[in-house]
Amino acid sequence: MLNRLVALFEQEAAILRDILKDELVDIHHIGSTAVPYLKAKPIIDIMPVVKDIARVDEYNDELINVGYEPLSEFGIRGRRYFRKGGVNRTHHMHMFQFDNTHQIERHLAVRDYLRTHQEDRIAYGEWKQQLAALYPTDNESYCDGKDEFVVHLERRALEWKNILTD
């Protein structure tokens with residue numbers, strides 16, 4: 001399963017590299033599908049890092065042509081958020097400018113922390129499984145239910161990476 005998810009990320013990353021070209025600085029596989037052995041919905045989270053976030057909107061038509069729905073910042077200042085797959089979502093894309101280090105580092109810290117901390121990875125997977133059973137068709141309630149757990153998880157991950165700032 002993991003190899004398939006990594007392959008799906010790599011396939012999508014190649015498409016994004018072709019679209020963003022020189023604007024792209026880096027691209028990361030984040031979220032639950034980037035963590036081996038973590039229970040996850042089969043939705044690939046992608047984090048492209050770009051030179052100039054203001055220029056990203058110029059790529060919206062090309063991204064729409066390959067199935068993405070642009071949703072602007074979608075609650076996180078300095079981000080460009082895109083979804084792919086409609087009701088049966090397949091990808092989430094969280095795009096940040098290279099110097100938005102807080103957002104970039106927090107996503108990478110959580111991913112890396114869960115890759116190396118089995119007990120927390122298992123607890124998070126079990127919590128997500130319980131929420132999925134409680135809210136099988138209510139994604140908003142599922143996400144709301146994860147919020148408090150993720151806030152604490154992120155704090156531990158940032159402390160572990162020694163990049164926590166108050």
Glu148, CD atom: more than 12 neighbouring heavy atoms under 6.0 Å = no

Criterion side chain to side chain contact (heavy atoms under 4.5 Å, CB included) on Val110 and Tyr113, from CA distance to verdict | CA-CA 5 Å; Val110 169; Tyr113 179 84; 5.7 Å; no

Is it true that Tyr59 and Phe96 fall in one hydrophobic cluster, defined by side-chain heavy atoms closer than 4.5 Å?
-> no

Looking only at heavy atoms, which two atoms of Ala34 and Arg111 are closest? And how far apart?
-> CB-CD, 3.9 Å

In this structure, are over 12 heavy atoms from other groups packed under 6.0 Å from Asp26 atom CG?
-> yes

Pro36 versus Arg115: any side-chain heavy-atom pair under 4.5 Å?
-> yes

After noting the C-alpha distance and the side-chain angles of Leu114 and Leu38, does the key distance pass the side chain to side chain contact (heavy atoms under 4.5 Å, CB included) rule?
-> CA-CA 8 Å; Leu114 288 171; Leu38 177 59; 4.1 Å; yes

Atom of Ala109, atom of Leu158 and distance for their closest heavy-atom approach | CB-CD2, 3.9 Å

Decide whether a cation-pi geometry holds between Lys128 and Tyr124; the criteria are a distance under 6.0 Å from NZ or CZ to the six-membered ring centre and an angle within 45° of the ring axis.
-> yes

Hey, what do you get for CG (Leu63) to CD1 (Ile19), rounding to the nearest 0.5 Å?
-> 4.5 Å

In this structure, CG of Asn100 is separated from CZ of Arg106 (nearest 0.5 Å) by 9.5 Å

Quick check: does any side chain N or O of Glu23 sit under 3.5 Å from a backbone N or O of Val56, one acting as donor and the other as acceptor?
-> no

What pairs of donor and acceptor atoms, side-chain ones from residues 6-17 against any protein atom, are under 3.5 angstrom apart with sequence neighbours left out?
residue : atom : partner : partner atom : Å
Glu12   : OE1  : Lys84   : NZ           : 3.3
Glu12   : OE2  : Tyr68   : OH           : 2.8
Glu12   : OE2  : Lys84   : NZ           : 2.7

Hey, could you give me the CG/CD distance between Asn60 and Glu62, rounded to the nearest 0.5 Å?
-> 10.0 Å

Which atoms form the tightest heavy-atom contact between Thr33 and Asp45, and what is the distance?
-> OG1-N, 4.1 Å

Would you kindly confirm whether Phe82 and Leu24 end up in one hydrophobic cluster when ILVMFWY residues are joined by side chain heavy atoms under 4.5 Å apart?
-> yes

ring-ring contact (aromatic ring centres under 6.0 Å, His included) partners for His94, two or more places apart = Tyr81, His107

Interatomic distance, CD1@Ile104 vs CZ@Arg79, rounded to 0.5 Å, equals 13.0 Å

Using the rule that two of Ile, Leu, Val, Met, Phe, Trp, Tyr join whenever any of their side-chain heavy atoms come within less than 4.5 Å, decide whether Phe74 and Ile64 are in one cluster.
-> no

Please round to the nearest 0.5 Å and tell me the distance separating atom CG of Leu131 and atom OG of Ser141.
-> 9.5 Å

Run the side chain to side chain contact (heavy atoms under 4.5 Å, CB included) check on Lys41 and Arg89 step by step: do they pass?
-> CA-CA 10 Å; Lys41 293 180 180 181; Arg89 223 167 283 145; over 6 Å; no

Expected output: side-chain Trp127 to main-chain Gly145 donor-acceptor under 3.5 Å = yes

Is there a path from Leu108 to Met95 through hydrophobic residues (I, L, V, M, F, W, Y) whose side chains come within less than 4.5 Å of each other?
-> no

Do Arg156 and Trp160 come within less than 4.5 Å of each other through their side chains, counting heavy atoms only?
-> no

Evaluate the criterion side chain to side chain contact (heavy atoms under 4.5 Å, CB included) for residue pair His102 and Glu105; output intermediate values, then yes/no.
-> CA-CA 5 Å; His102 171 71; Glu105 288 175 352; over 6 Å; no

Between CG of Asp112 and CD1 of Ile30, what distance do you get to the nearest 0.5 Å?
-> 11.0 Å

Are Leu20 and Met93 joined in one hydrophobic group, where the rule is that I, L, V, M, F, W and Y side chains link up if heavy atoms are under 4.5 Å apart?
-> yes

Taking atom CG of Asp147 as the centre, does the number of heavy atoms from other residues, nucleotides or ligands within less than 6.0 Å exceed 12?
-> yes

